[in-house]
Structure formats: structure tokens, C-alpha cells
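Please read the structure below before turning to the comments.
Only this structure's heavy atoms are used, side chains among them; waters, hydrogens and symmetry mates stay out. The first residue of the sequence shown is numbered 1, and numbering continues consecutively from there.
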Amino acid sequence: TRGRDDCVRCSVGREDKPISKARAWIEKNYDMRANPGKGVQWRYYWLFGLARIGMTSGRKFVGGRDWFADGTRQLLGDQNTDGSWGYGRGGQLVPQTAFATLFLARGRRPVLVNKLQYVGKWNCRPHDLVNFARHVGATYERKVTWQIVGDKSQAADFLEAPILYISGAGPCKITDNQIEKIRTFVHQGGTIVSEAAGNNGTFTMDMQIFYKRLFPDYALLRLDDKHPVYSLQYSPKGVTGLSGVSNGARLLAIHSPREVSLAMQLGTGKEANIPVFQLMTNIYLLTTDMGRLPRRGMRKPPVAEPFTPIASINLARLKYKGNYNPEPLAWRRLAIWMGNNHRIKLNAADPMNITKLDAKKWPVAAMTGTGTLELSAEEKIALKRYFSDGGK
């Protein structure tokens, strides 16, 4: 009851004591080759227990080690020629194989949302995302999980989930290191969801400063009551008042000055909490285009593969007075996709002034935007000249 009251009042911001003790013990006894103190006896049950504490605590790293990656490597090396795990014969292999399989199956669950750890009350409601992930899994029959990311997490860890969740019940000071990783996460297609636990005004003010640093070209504005976030799948009641940062094409961030974590902490047992779960589900569907999530470790930016080009395209990207570059990494990703799939080399230039266009150097030009297009007389003349010279 005391722990529940602490979460309701937002008086603490730490991990549950049993989980903290379990993690501390595992960090001291971390071993993939044996069951600590038992050797090979029940080794696969030990791995199963390691996965349980890793997923329950939301920790990808235990003692600085990626427990799932380490365990997977160990299991692949241990697997018997018939596909089983363990030692012995016949029925003796069944429980060992079962625990090894459970480790792999549960550890590979898609990561629905990351929770940001920072200096401050970032975890006042330690079961908020546990219950949200459980709700999504039960509703859509898609087992999903969540995890914690912090200052020591790599940019790739942020990218494992489509949503970065930032909760706080007081000052929120995010380091420059984290800001760069978060900016990369958003540019790769991710969305931030922040909420003021306990309706904390200090946290909301700090988030306003944070979003201004992160998105200097875009403002945090209140979302219209008819925005799809309120109606994409469900039409929850009493949860309006959200603000958002948009690049004109999609939402980059959503902020709730009213708490949503308390309802998620208490679960769907009370009917009054259901609208919050419906709202969060709408956000999940919005950020994933109502699609399925890839398995853990599979959601990553594309990597260019070596290829011999069969064609090459020089493309000019045009800038003008307006929002000409809403998705800075879009052309780079397109270039990788064209190379990997069609062996076409796309040379996309950095955004240039329209007056610098040269059809001989750049036979193809691209202009994009999300707002009003207003060109100067000089820019219009340059475009006409470009087209008359054969540019497209």
C-alpha cells in the first residue's frame, strides 16, 4: 500500500526495491556459461530467470551488458545438432529446451516504447509502461515489451521503439548527449511522448525549453480537438489538451500537461482509466501507421550495401523561404534504398538556392515543403531557365 501511495503522490522516482535487489545480484553474478553457484545445473532456467528480470525492469543492459544479445550468442553456440538444448537424453532435454526457447521468444518481443531515464523524477510511475504494453498485447494479440534508455544508451537503442516516452514530476534536465541521440531518433522517424506526472508545471515548462532546443524551427502548439490522435482508433473522453510539435508532415512530439501515467500505473481495472489507454493506443497506431512492430533488434536505419551502379542520378535539392526540408534524412534513406534494391546511385546534393540551379550539372531537381510556397521573381526566372535547359 505504501508503494502504491508513493506512486499516486509522485513522491518517489526510483525503481521497485525487489527489482533493484535482483538487478544488483545479477550484476555481481552475471555469467552466460553457467548458473551462478550451480554450474551447468539448471543453466537454462537461469537464463529464463535473467530474461524475466531484464524485461520486468525494462533494462536492456544489466551491469553494462546486453543480456539478450549475450544469451542469444551463447544459446546459438550451445544448440545441439537436433535443435535441442541441454544435456542428457530424451525427456531430460525437454525442460532445458523449453527454457532456452522461452528466453529467445520473450527476449525478441517488439519494443513498443522506450522510457527516458534522466536526473530527476523520471520513474514515479514504474508500472505505467508495463501496463500499457500488456494492454496493447492483449488488445491486438501482439506481444510487445518496453525498455529504459538513458545517457549510456546508444542511438541504436533509442531506435528500437517508435515512441520515446518522457515522464516527470519535477525539473527535467536532459544532457546534450541525450539530446543528440533523441534528435537522431526523431529524424529516423521516431516520435516523443511526454507527460507531466502529477500535473507538474515545472516539468511542463522544462519540456517547453527542451522542445525549443530540439526543434528550433517548429513550435509546440496545442493540437486541434479534431486531430487524429483523438480519433484514429478510439474516441476517448476527457483527454484533450495535448500539445504537439509538427514538421508539417507528421508529429515529432506530443506533450500532455495533464498526467496520463497515473491511469496507466493503476491499470484498466477502473473504467475511469480506460480513456488514457485508448489515447495512448491511438498514439501507438499513429506513430506506426497502424502497422506491426519488428522484432527487438530489427528496427534500425538502413545500411548501404556495396554495389556496382547500373545508372547514376544527380539530384538538386532546392531551398526557398519556407519549410523546404521537413525530413532531413529522407533523401539519404532513398539513396540507400535505390542502391540496395536497384543498383542506382542517387547523388542528392545538400539544399541549394534555386538561383544556383544548373541543368547540365543537376538534370533532376526536387522541391518539397509543408507550407505556403512563395518564390521571388529571381527564383521564378531561374526555374524557367532550368526547365528550358532540359532540367526536370
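Proximity of a side-chain donor or acceptor of Y87 to a complementary backbone N or O of Q92 within less than 3.5 Å is not detected. Remark: the backbone N or O of V136 is not paired with any side-chain donor or acceptor of T139 at under 3.5 angstrom. Remark: the backbone N or O of P36 is not paired with any side-chain donor or acceptor of D31 at under 3.5 angstrom. In terms of modelled atom types and a separation under 3.5 Å, the side chain of E379 and the main chain of S376 share a donor-acceptor contact. One N or O on the side chain of T101 and one on the backbone of T97 form a donor-acceptor pair closer than 3.5 Å. Judged by distance alone, the side chain of R296 and the main-chain N or O of G107 form a donor-acceptor pair under 3.5 Å. Put simply, the side chain of K270 never gets that close to the backbone of G267: no donor and acceptor are under 3.5 Å apart. Using a distance-only test at 3.5 Å, with no hydrogens or angles considered, a donor-acceptor pair links the side chain of N35 to the main chain of W42. Side chain of D157 to main chain of Q154: a donor-acceptor pair is present (N/O by atom type, distance under 3.5 Å, no hydrogens or angles). Listed for the N80 side chain is no donor-acceptor partner under 3.5 Å among the backbone atoms of G83.
L315 and M338 fall within a single hydrophobic cluster, where Ile, Leu, Val, Met, Phe, Trp and Tyr are joined by side-chain heavy atoms under 4.5 Å apart, directly or via other members. Put simply, Y140 and V113 are part of the same group of oily side chains (I, L, V, M, F, W, Y) that touch within less than 4.5 Å, one to the next. In the hydrophobic clustering of ILVMFWY residues, with side-chain heavy atoms under 4.5 Å counting as a link, L252 and I179 come out together. Linking ILVMFWY side-chain heavy atoms closer than 4.5 Å, directly or via other members, places F307 and V303 in two distinct hydrophobic clusters. If you chain together hydrophobic residues whose side chains sit under 4.5 Å apart, M207 and I283 fall into the same group.
Neither side chain, N353 nor T355, offers a donor N or O lying under 3.5 Å from an acceptor on the other. A donor-acceptor contact closer than 3.5 angstrom is absent between the side chains of Q96 and R43. Under 3.5 Å, the side chains of Y211 and S194 contain a donor-acceptor pair of N or O atoms. No hydrogens or angles considered: nothing links the side chains of R183 and Q188 as a donor-acceptor pair under 3.5 Å. Side-chain contact check for T268 and H135: no donor-acceptor pair (N or O, by modelled atom type) lies under 3.5 Å. When only modelled atom types and interatomic distance are considered, T370 and N247 share no side-chain donor-acceptor pair under 3.5 Å. Side-chain atoms of N323 and Y218 include a donor-acceptor pair closer than 3.5 Å. Checking Y165 against D128 by side-chain atom types alone, a donor-acceptor pair falls below 3.5 Å. For Q278 and N282, the side-chain atoms include no donor-acceptor pair closer than 3.5 Å. At a cut-off of 3.5 Å, with distance as the only test, no side-chain donor of K319 or N325 sits close to an acceptor on the other residue. Checked by atom type, the side-chain pair D225/T240 shows no donor-acceptor distance below 3.5 Å. Donor-acceptor pairing under 3.5 Å is lacking for the side chains of D151 and Y118.
Within the model, atoms CG of L373 and OH of Y324 stand 14.0 Å from one another, a figure rounded to the nearest 0.5 Å. Atom CG in N29 sits 11.5 Å away from atom CG in L50 (nearest 0.5 Å). Atoms OG1 and CZ, on T191 and R250 in that order, are 5.5 Å from each other to the nearest 0.5 Å. With rounding to the nearest 0.5 Å, the separation of CG in N131 from OG in S261 is 11.5 Å. Note: L164 CG to K181 NZ = 12.0 Å, rounded to the nearest 0.5 Å. Atom OG of S167 and atom CG of L129 lie 8.5 Å apart (nearest 0.5 Å).
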> Step by step, would you call W67 with L47 a side chain to side chain contact (heavy atoms under 4.5 Å, CB included)?
Replying inline: CA-CA 9 Å; W67 59 265; L47 288 179; over 6 Å; no
> Please walk me through it: do M264 and M280 pass side chain to side chain contact (heavy atoms under 4.5 Å, CB included)?
Replying inline: CA-CA 9 Å; M264 291 194 291; M280 291 297 294; 3.9 Å; yes
>> Could you walk me through whether D70 and Y30 satisfy the side-chain hydrogen bond (donor to acceptor under 3.5 Å, both in side chains) test, starting with their C-alpha distance in whole Å, then the side-chain angles of each, then the deciding distance to 0.1 Å, before giving a yes or no?
In response: CA-CA 11 Å; D70 287 354; Y30 189 89; 2.7 Å; yes
> Could you go step by step and tell me if D389 and K360 meet the salt bridge (Lys or Arg N to Asp or Glu O under 4.0 Å) rule?
Replying inline: CA-CA 8 Å; D389 290 341; K360 293 182 179 179; over 6 Å; no
> Would K115 and Q147 count as a side chain to side chain contact (heavy atoms under 4.5 Å, CB included) if you check the C-alpha gap in whole Å, the side-chain angles of each, and the deciding distance to 0.1 Å?
Replying inline: CA-CA 6 Å; K115 190 174 195 176; Q147 68 182 14; over 6 Å; no
>> Could you walk me through whether T184 and E180 satisfy the side chain to side chain contact (heavy atoms under 4.5 Å, CB included) test, starting with their C-alpha distance in whole Å, then the side-chain angles of each, then the deciding distance to 0.1 Å, before giving a yes or no?
In response: CA-CA 6 Å; T184 298; E180 285 306 311; 5.6 Å; no
>> Assess the residue pair D176 and R213 against the criterion (salt bridge (Lys or Arg N to Asp or Glu O under 4.0 Å)); give the C-alpha distance rounded to whole Å, side-chain angles, the decisive distance to 0.1 Å, and a yes or no.
In response: CA-CA 10 Å; D176 291 339; R213 289 176 62 195; 2.6 Å; yes
>> Please determine whether side-chain hydrogen bond (donor to acceptor under 3.5 Å, both in side chains) holds for the pair K361 and N314, giving the CA-CA distance in whole Å, both sets of side-chain angles, and the decisive distance to 0.1 Å.
In response: CA-CA 7 Å; K361 188 175 181 180; N314 292 331; over 6 Å; no
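Between F103 and F68, the distance separating the two ring centers is shorter than 6.0 angstrom. The ring of F99 has its center no closer than 6.0 angstrom to the ring center of Y44.
L93 and G86 make their closest contact through CD2-C, 3.6 Å (heavy atoms, listed as atom of the first residue, atom of the second, distance). Heavy-atom minimum distance, M298 versus P294: CB-CB, 4.0 Å. Contact record, A169 with C124: CB-SG, 3.7 Å, taken as the closest heavy-atom pair. The shortest non-hydrogen separation linking L112 to F132 is CD2-CE2, 3.5 Å. Between L357 and A365, the shortest heavy-atom contact is CD2-CB, 4.1 Å. Summarising the geometry of T368 relative to P326, their closest heavy-atom pair is CG2-CD, 4.2 Å, with the distance given to 0.1 Å.
Residues L293 and P162 are in side-chain contact: their nearest non-hydrogen atoms beyond the backbone lie under 4.5 Å apart. Side chains of M55 and W146 form no contact here, defined as non-hydrogen atoms less than 4.5 Å apart. Inter-residue side-chain proximity for I254 and I192 is flagged as unmet; no heavy-atom pair is nearer than 4.5 Å.
Using a 30° and 60° split on the angle between ring planes, W25 and W46 fall in the perpendicular class, above 60°.
With a 6.0 Å radius and a threshold of 12 heavy atoms from other residues, nucleotides or ligands, Y234 has its OH atom above the threshold. Counting non-hydrogen atoms of other residues, nucleotides and ligands closer than 6.0 Å to CD of E378 gives a total of 12 or fewer.
For the pair K60 and E160, the salt-bridge criterion is met [side-chain N within less than 4.0 Å of a carboxylate O]. Between E259 and R125, at least one side-chain nitrogen of the basic residue sits less than 4.0 Å from a carboxylate oxygen of the acidic one, meeting the salt-bridge criterion.
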